[in-house]
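All figures in this text were calculated on a predicted structure; none of them were measured in a lab. Note that ligands are numbered from 1 as they come in the structure, with each ligand's atoms numbered from 1 the same way.
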Amino acid sequence: MTKIFMRCAVTTLLAAVFALPALGAGKQVLRISTPAVPEDWHVKMLYVFKDELARTAPGRFDVQIHHSGTLFKQGTEAVAMERGNLEMALLSMQDIARRIPEYSIFTAGYLIRDPQQLIKVYTGPIGAEVNRRTEAVMGIHLLAPIYLGTRQLNLRTVRKVRTPADLAGVKLRMPGSKEWLFLGRALGANPTPLPFTEVYLALKTGAIDGQDNPLPTVKSAKFYEVTKQIVLTSHLVDVLQFAIANRTWQGLSADDRAKVAAAAKDAAAYNNKNRIREEDELLEFFRGKGLTITTPDVEAFRRTVQAAYLKSEFAAHWPKGLLERINAVR
Ligand code: KDO
């Protein structure tokens, strides 16, 4: 009798404990996973999101921010969200293209011209289509596009780089998926897959010769401490998507959905403003740290990279007319 009572008590206790993450003592838990480091605007914007929700929907949400890839490893967040193991993340278009191959178009180098065009593309009719399709195929609701920055090459030792041919044999770290590796190859380098969290050490030890990321990331992740050169290739005007699992999204009241969406937009605006400003200011900072900044023949890079994409297996999946529609966004 006592044993049965004990078993019931334990079962009840366990049920209560496992229910906690979802309920969060009556609050909706929103765990957000990102590989970005705390100094990155992407993490800072998550605190803007959290504070804004605390203001507009007090007591309704428990926003938990997990940076540096500590909750989910880079590139595994979308699957975790699809399986109901994660509520929110900052997803790359490469993550989305893995499940929706036609969207590999958004991973192509030298496609988007600048951050202004990028935001217009993703907040206009093209973005609305992307959002609908991502929700239908992946069960993920995209709340707001986030400017990641314009990707530049960042090398361990100084090298003369004018055209893609000058990168022959350079071990260039790229994130670990075929879309990213293709970009590294199209740039003329020898791409090596590595998670973001391992890049600093790999640069320091010489396991890789370089990496590519926007200037604000080179600063926040402190890559400038272990590299000597930045080559201004501007090869990818890059985006992240502030995303929420559809099952979490659909579980919210209409009022809470509106508040989450508004807080996400505020957070995105905060990130975009700061990243764009920093990209204008950071070259001086890096020069001050002793880095050599060079400008290659960007047209040669553009021609080579665009040609590589157009004849790639990726382009075979691109929806007819989408390239032209993206180009037409001003
Ligand atoms: C990177 O690993 O180089 C990358 O810039 C890829 C992006 O898609 C994104 O995951 C980003 O890292 C992280 O948010 C860290 O800034």
Should the proximity of [X] to ligand 1, defined as any heavy atom under 4.0 Å, be assigned to the side chain, the backbone, both, or neither?
| X | value |
| --- | --- |
| Trp41 | neither |
| Arg151 | side chain |
| Leu90 | neither |
| Asp40 | side chain |

If the plane angle is over 60° it's perpendicular, under 30° parallel, otherwise tilted; pick one for Phe314 and Phe182.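 Judged by the thresholds at 30° and 60°, the geometry between Phe314 and Phe182 is perpendicular.
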
Mutual orientation of the aromatic rings belonging to Trp41 and Tyr270 [parallel < 30°, tilted 30-60°, perpendicular > 60°]: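 Perpendicular, since the angle between the ring planes exceeds 60°.
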
Sort out for me which residue in Asp209, Leu203, Leu153 forms a side chain to side chain contact (heavy atoms under 4.5 Å, CB included) with Thr227.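 Single pass found, and it is Leu203.
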
With respect to atom 7 (C) of ligand 1, which of Thr197, Leu91, Asp212, Leu148 exhibits the smallest heavy-atom separation?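 Residue with the shortest heavy-atom distance to the ligand atom: Leu148.
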
Determine, considering heavy atoms only, which of Gln241, Arg173, Gln74, His42 sits nearest to atom 3 (O) of ligand 1.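 Looking at heavy atoms only, the winner is Arg173.
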
Within the 3.5 Å criterion, strictly below it, is a donor on Asn131 or His141 matched to an acceptor on the partner's side chain?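 Side-chain D/A pair, Asn131 to His141: absent.
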
Are Asp280 and Arg277 close enough for a salt bridge, meaning some N to O gap below 4.0 Å?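 Between Arg277 and Asp280 there is no salt bridge, as every charged N stays at least 4.0 Å from the carboxylate O atoms.
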
Please state whether Val199 comes within less than 4.0 angstrom of ligand 1, counting heavy atoms only.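 No, Val199 has no heavy atoms under 4.0 Å from ligand 1.
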
